[in-house]
Amino acid sequence: MKKMGKLMGVLLAGMVAVSLLAGCGGGAAPEKRTIKVGIGLNEQSPQYKGLEKFKEIVERDSKGRIEVQLFASSQLGDDTKMMTALRAGTLEMTCPSTAPISGLDKKWMVFDLPFLFPNEEVADKVLDGPVGQKYLDSLSTQGIKGIAFWENGYRQLTNSKVNVKTPADVKGLKIRTMENPVHLATFRTLGANPTPMPLGELFTSMQQHIVDGQENPLTTIYLQKYYEVQKYTSVTNHFYSPFVFMFSQKIWNTLPKEDQELIARAGKEAGIYQRKTNREMMQEASASLEKAGMVVTRLTPEQAQAFVDATKDIAGQFEAEIGKDNVQEVKAEIAKYSQK
Ligand code: KDG
């Protein structure tokens, strides 16, 4: 009997110790983890500077428990391939332009309509407002957690053949575009011969004259050294490209709440820094391109208007695919913020 009592005592003490241990630790200690982020642009790009800021915040605020590894220059594939990896849960993060997201959900084409956003301030307000948030949230049905909008920026046309000042000058040019039906239709309407192609193949394609030109923000044209294989830049501002900083929903669902909150906060904070850096670097890009030997043409208001007029039917052509309500909603938001 005495023995039994002793045994019971030992067992009880053991049970108390186990529950205490579990209780005071709040379960297991927070796991160490690594977040890999891939992008298409190179390490000099404002996009990469934004990633560096994200890494700094996450590693600092997790006290080194979370490591962020950055991969530039399409090392992990192009935008579409990286989004596929996010959906499969084999890559944590990427930051594509909105353009290739339309391959997952057509309503995203709304942001790539030509001459949509009148300026960057309005773009910020719409994308950071309730409508932008709705688009980010809707990515979860595609296996993607939308964290924040960042900025690629206004896109300009370059080519190796003619100094483009009017839509007529674009006629017959072979232009690389991103994989997006609105982009293709816009360039077809302008009389070009557009071809979608991953960014990683673009430089060589221009060098080998497979395409005559391409379109990208001034910083990209400069930092990717497109001036080595292109002669003319025309500042057409034909599309405003937002970036979407995104996480794999599959992996996101396995993260503790504190990690989710840290990543979301860091993604937004880094986005503010990224947009600022992008705009600062954009200021200098035009002069740098001229110094590098390119002819940079700023259009007169009349010339610029001719591009707007030539592409004015594109929104109507895509209204059914994007959804009439979606087009109207985004345009109404833009109008609302443009008045202020
Ligand atoms: O990481 C983003 C880039 O891969 C891409 O979106 C850049 O604008 C771009 C392009 O033309 O491919």
Side-chain angles (χ1 to χ4, degrees), residues 79-80 82-84 86-87 94-155 177-190 194 196 215 217 236-247 249 252 264 267-268 271 275 307-340:
D79 287 350
T80 302
M82 288 190 281
M83 282 194 283
T84 305
L86 258 61
R87 285 152 59 86
T94 186
C95 192
S97 302
T98 47
I101 303 177
S102 65
L104 302 177
D105 181 348
K106 287 186 174 152
K107 74 167 180 287
W108 279 84
M109 289 192 289
V110 70
F111 296 121
D112 284 275
L113 292 172
F115 304 104
L116 183 72
F117 289 108
N119 56 55
E120 290 150 347
E121 290 67 36
V122 170
D124 290 355
K125 291 212 174 90
V126 174
L127 298 170
D128 296 346
V131 171
Q133 190 58 46
K134 196 169 89 177
Y135 277 77
L136 291 180
D137 292 345
S138 76
L139 285 173
S140 65
T141 58
Q142 305 298 331
I144 288 170
K145 168 78 189 166
I147 302 285
F149 283 98
W150 288 16
E151 179 178 83
N152 195 355
Y154 283 103
R155 303 180 77 86
T177 69
M178 287 194 277
E179 286 173 62
N180 180 288
V182 172
H183 286 203
L184 285 162
T186 302
F187 276 92
R188 250 182 239 123
T189 298
L190 289 169
E215 45 87 54
T236 45
N237 291 316
H238 51 276
F239 304 128
Y240 173 85
S241 265
F243 276 140
V244 180
F245 196 41
M246 52 172 65
F247 207 96
Q249 185 74 56
W252 184 262
K268 289 196 177 78
R275 279 180 180 157
F307 281 90
V308 177
D309 293 345
T311 55
K312 68 177 189 323
D313 294 337
I314 299 288
Q317 281 171 33
F318 283 90
E319 201 172 65
E321 272 181 277
I322 297 170
K324 201 171 177 176
D325 293 353
N326 293 325
V327 176
Q328 278 171 356
E329 183 180 45
V330 169
K331 285 194 168 172
E333 282 284 286
I334 292 172
K336 182 169 98 189
Y337 293 121
S338 300
Q339 279 154 19
K340 286 180 187 160

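What you are looking at is a predicted structure, and each value in this text was computed from that prediction instead of being measured.
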Report summary line: Nearest heavy-atom approach of Gly267 to Trp150 is O-NE1, 3.1 Å

Query raised in the report: Tell me, do Ser241 and Pro217 make a side-chain contact under 4.5 Å, heavy atoms counted?
Result: no

Requested in this report: Supply the atom-to-atom distance Phe247 CZ to Cys95 SG, rounded to the nearest 0.5 angstrom.
Outcome: 13.5 Å

Query raised in the report: Which pair of non-hydrogen atoms, one from Val327 and one from Val110, has the smallest distance, and what is that distance?
Result: CA-CG2, 4.0 Å

Query raised in the report: With side chains defined as the heavy atoms from C-beta onward, is the minimum distance between Ser102 and Asp112 less than 4.5 Å?
Result: no

Report task. Evaluate the side-chain proximity of Glu333 to Lys125: yes if any heavy-atom separation is below 4.5 Å, no if none is. Result -> no

Requested in this report: Check whether any side-chain N or O of Arg87 sits under 3.5 Å from a backbone N or O of Gln142 as a donor-acceptor pair, and report yes or no.
Outcome: yes

Query raised in the report: Hey, is NZ on Lys268 packed in by over 12 heavy atoms from elsewhere, all under 6.0 Å?
Result: yes

Query - Side chain to side chain, Met83 and Pro100, heavy atoms closer than 4.5 Å - result: yes

Query raised in the report: Between Asp79 (side chain) and Pro96 (backbone), is there a donor-acceptor pair under 3.5 Å?
Result: no

**Report entry** Separation between OG1 of Thr141 and CD of Gln249, rounded to the nearest 0.5 Å
**Finding:** 9.5 Å

Under 3.5 Å, sequence neighbours excluded: what are the donor-acceptor pairs made by side chains of residues 308-324?
residue, atom, partner, partner atom, Å
Asp309, OD1, Gln305, NE2, 2.9
Thr311, OG1, Phe307, O, 2.9
Thr311, OG1, Val308, O, 3.3

Query raised in the report: Parallel, tilted or perpendicular: which describes the rings of Trp108 and Tyr135, with under 30° parallel and over 60° perpendicular?
Result: perpendicular

Query raised in the report: Between Thr84 and Thr80, is there a donor-acceptor pair closer than 3.5 Å when you use the side chain of the first and the backbone of the second?
Result: yes

**Report entry** Shortest non-hydrogen separation from Pro196 to Leu184 and the atoms involved
**Finding:** CD-CD2, 3.7 Å

Report task. Taking the side chain as every heavy atom from C-beta outward, state whether Phe111 and Phe117 have any atom pair closer than 4.5 Å. Result -> yes

Requested in this report: Could you check if a side-chain atom of Asn180 sits within less than 4.5 angstrom of a side-chain atom of Ile101, using non-hydrogen atoms only?
Outcome: no

Query - Atom NZ of Lys107: over 12 foreign heavy atoms under 6.0 Å - result: yes

Query raised in the report: Between the main-chain N or O of Asn119 and the side-chain N or O of Tyr154, is there a donor-acceptor pair closer than 3.5 Å?
Result: yes

Query raised in the report: Below 4.5 Å, heavy atoms only, C-beta onward: do Pro181 and Met109 meet side chain to side chain?
Result: yes

**Report entry** Chi angles and distances behind the side chain to side chain contact (heavy atoms under 4.5 Å, CB included) call for Leu136, Ile147
**Finding:** CA-CA 7 Å; Leu136 291 180; Ile147 302 285; over 6 Å; no

Requested in this report: Mind running ring pair (Phe, Tyr, Trp, His ring centres under 6.0 Å) on Phe239 and His183 for me, showing each step along the way?
Outcome: CA-CA 8 Å; Phe239 304 128; His183 286 203; 3.9 Å; yes

Requested in this report: Specify the closest pair of heavy atoms between Asn152 and Ser97, including all atoms of both residues, with the distance to one decimal.
Outcome: ND2-OG, 3.1 Å

Query raised in the report: Under the 3.5 angstrom rule, does the side chain of Trp252 hit a backbone N or O of Ile144 as a donor-acceptor pair?
Result: no

Query - side-chain hydrogen bond (donor to acceptor under 3.5 Å, both in side chains) evaluation trace for Glu120 with Tyr240 - result: CA-CA 8 Å; Glu120 290 150 347; Tyr240 173 85; over 6 Å; no

Query - SB check Asp128 Arg275 (cutoff 4.0 Å) - result: yes

**Report entry** Test item: His238 and Glu215 side chains (from C-beta on) under 4.5 Å apart, heavy atoms
**Finding:** yes

Report task. First locate atom CD of Glu151, then atom CG of Asp124, and finally report the distance between them rounded to the nearest 0.5 Å. Result -> 6.5 Å

